[in-house]
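Okay, structure first, notes after.
This is a predicted model, so every value here is computed, not measured. Order of the sequence lines sets the chain letters (A, B, ...), proteins ahead of strands, with each chain counted from 1.
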Protein chains: 2
Amino acid sequence: MTEENMAADPARTVELLWGAKEGHGRTGLNLTGIVAMAIEVADADGLPALSMRRVAERLGFTTMSLYRHVPGKAELMELMRDTVVGELGVAAPDHPESEPEDGDWRSGMEAWARAHWALHQRHPWLVHTAGSRRLPGPNIMADYDRALRIAEGTGLQASEVVAVVQLVGGFVKTAALQVHEVLREERESGVSNSQWWRSREELFEHMRPYPALGRMWQAGGFDERENPFDFGLARTLDGVELLIRRRRDEKCDVNALHPHAGQCLVCGSEWDGARRGRPRDYCSRACRQRAYRRRRSATSASAGSGGSVSSVGSAF
Amino acid sequence: MTEENMAADPARTVELLWGAKEGHGRTGLNLTGIVAMAIEVADADGLPALSMRRVAERLGFTTMSLYRHVPGKAELMELMRDTVVGELGVAAPDHPESEPEDGDWRSGMEAWARAHWALHQRHPWLVHTAGSRRLPGPNIMADYDRALRIAEGTGLQASEVVAVVQLVGGFVKTAALQVHEVLREERESGVSNSQWWRSREELFEHMRPYPALGRMWQAGGFDERENPFDFGLARTLDGVELLIRRRRDEKCDVNALHPHAGQCLVCGSEWDGARRGRPRDYCSRACRQRAYRRRRSATSASAGSGGSVSSVGSAF
DNA sequence: CCCAGGTGGTGTATGTCGTACACTAGTGCG
DNA sequence: CGCACTAGTGTACGACATACACCACCTGGG
């Protein structure tokens, strides 16, 4: 009840994730074999069907034998995560000084998102392994670093780079979730999704008084859908692009467009020029808005502002 | 194994959701009381702690007594979903002819997203009730219809309106998921998140060879984070706005800005004007880009296009 | 040779869970 | 009175993770 899916001993988990994968050729059980079989089971029958019993049976051992090699199910799943992310083939960078990605950030980010999308196709259970304290293994770390390197190309601030990666990673996860719920239920019930919804006449009885729903229905909005992944990814990246452009305009504001002398109360940058009109406190409209938000969140320090979180490597 | 969390009898579920909530004043058990207590338990102790046993105990009845009123746990959770969405207070529209939302779509969409965000704060378990075949009850239906009415204000095509609602709803869900994982683990372990990560020195040993990670770390990208919800919502809505603008420019392009005579290979629209420069195949830059994407995706027709889904009312 | 100690696999037991099934007590109606 | 129906109960089953005691084997040291 207290530590639902949490690994009890993080140090041990780190050791398992980063330790030398001892493939010492024995015939009996070993860690990599257990992880591989667990992935196989989860791929085939879904995460809820993944149990220590099943994995052990498939391997021809008893349930408890697994516990000689892995401390528990939580740790096993961490290992599964890191292993499949390894399929992306992102090796650790050669040396710590390697430069940010070349090429434009957008195509890089799109490629990163699509690679993860494909990974989620192969391993649908990935979407159900969320958690802020998932310990990143070497593969997850390398992949996350790659994402950061790509996002650095936007030229945004560090906190924004992190937020961009989190946003895009989160989007991929959501899209995968939505698609896989459909596929899972089709597989489990044996009935196609459209078929299932068509036979819900008793529901459509109640749908009369909803105007927009009816309009969308008649206009075919539910028949020929946008591909939710392509559509959402395009919008998300567009949103990031707009932020970048706006930042450029902002600097432009400071230097040329709003030439009042002074110092911005938010970002501290200075500017000068002809003094006309009312003296201003902020270098740009964006900074004024930022100050407003800051004031606002300071007074109503509401629940779930999500501040002071410092997890690393959990973009997805 | 076959029907993990699926209601066995959809018709019965619809009846429960849409049926007259008989509050006939009896002293014993009734549906609304069970649902209310289940919500209370889930709010307090999380979804994994929600069991038929616990709900029954809290109500002072035996486990099996619940099954006289609700067919099973899956149906109970559908009822919980619809009940809490009812807190948003979106009544069913008065008559089927009611107009699309007035006001601009953006502030409406933002308000809708923030209302759902607040709802997810109150009921964190909502994020774990996904599924393409969740049967919408009256409250969910009313709320979804409202979202569609707002999104109609964008002037986009019907399929795009649906996709926008799905995108924004999915974003809220992801953001809530990310935040609540942090809060849950803090609550369960009694250790704050930043504290927990700080004591993972054995992990930071391995973090040396990742360049971008180090740069972000030094630049403070992990210390003072963007608020992931505000940041993501702004980017997502920006992305939608850009789509709208692009649609406008498209029409504009055809009629005035690019007056070369010809017919667009993508949208088929015609234009004419002074013939100067190289003859062009597309009416606008947007259409040229669209053609490029189409060519690109046609060659690498990857798995999981996710088409032909026709679920209704599952924006989140 | 014996024997201590480590390693790897096993068997049993505990406490969860959802829910099938058979049961009882109360109620209304002919 | 008998009958059917309803609401609540109790027991039981098979799933689950895993704690704990146990045993078979190997290795090295005396």
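Note: CG (Leu76(B)) to C1' (dC17(C)) measures 15 Å, nearest angstrom. Following rounding to the nearest Å, Leu31(A) (CG) and dT7(C) (P) show an atom-to-atom distance of 15 Å. Counting to the nearest Å, the C1' atom of dG9(C) and the NE2 atom of His69(A) are 8 Å from each other. Straight-line distance from the CG atom of Leu59(A) to the C1' atom of dT10(C): 16 Å, rounded to whole Å. The distance from atom CD of Glu57(B) to atom P of dG8(D) is 17 Å, rounded to the nearest whole Å. In this entry the distance linking CG of Asn30(B) with C1' of dT6(D) reads 15 Å, nearest Å. Straight-line distance from the CZ atom of Arg68(A) to the P atom of dG11(C): 14 Å, rounded to whole Å.
With sequence neighbours left out, Arg58(A) forms a side chain to side chain contact (heavy atoms under 4.5 Å, CB included) with Met37(A), Glu40(A), Val41(A), Asp45(A), Arg54(A). Every side chain to side chain contact (heavy atoms under 4.5 Å, CB included) that Thr63(A) has, sequence neighbours left out, goes to Met52(A), Arg53(A). By the side chain to side chain contact (heavy atoms under 4.5 Å, CB included) test, Ala176(B) is found to be paired with Trp117(B), His120(B), Val127(B), His180(B), residues two or more places apart in sequence or in another chain being considered. Residues satisfying the side chain to side chain contact (heavy atoms under 4.5 Å, CB included) test with Ala163(A), not counting sequence neighbours, are Glu226(B), Phe231(B).
Note that the two end axes of the helix from dC1(C)-dG30(D) to dG30(C)-dC1(D) enclose an angle of 40°, each drawn from 5 base pairs, rounded to 10 degrees.
Here His69(A) contributes atom NE2 and Ile34(A) contributes atom CD1; the two are 5.0 Å apart, rounded to the nearest 0.5 Å. Interatomic distance, CD of Glu87(A) versus CD1 of Ile39(A), reported as 7.0 Å (0.5 Å rounding).
Contact detail for Leu76(B) and Val70(B): the closest heavy-atom pair is N-CG2, 3.8 Å.
For the OP1/OP2 pair of dG8(D) and a distance below 4.0 Å, the side-chain nitrogens and oxygens of Ser65(B) include no atom meeting the criterion.
Aromatic ring pairs are classed by plane angle as parallel below 30°, tilted from 30° to 60° and perpendicular above 60°; the pair Phe229(B) and Phe171(B) is parallel.
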Please enumerate all protein N or O atoms sitting under 3.5 Å from an N or O of nucleotides 16-19 of chain D, with distances to 0.1 Å.
residue, atom, partner, partner atom, Å
dC16(D), OP1, Ser51(A), OG, 3.2
dA17(D), OP1, Met52(A), N, 3.2
dA17(D), OP1, Lys73(A), NZ, 3.4
dA17(D), OP2, Met52(A), N, 3.3
dA17(D), N7, Arg53(A), NH1, 3.2
dT18(D), OP2, Tyr67(A), OH, 2.9
dT18(D), OP2, Lys73(A), N, 3.1

Chi angles and distances behind the side chain to side chain contact (heavy atoms under 4.5 Å, CB included) call for Thr62(A), Glu57(A): CA-CA 6 Å; Thr62(A) 60; Glu57(A) 272 172 22; over 6 Å; no

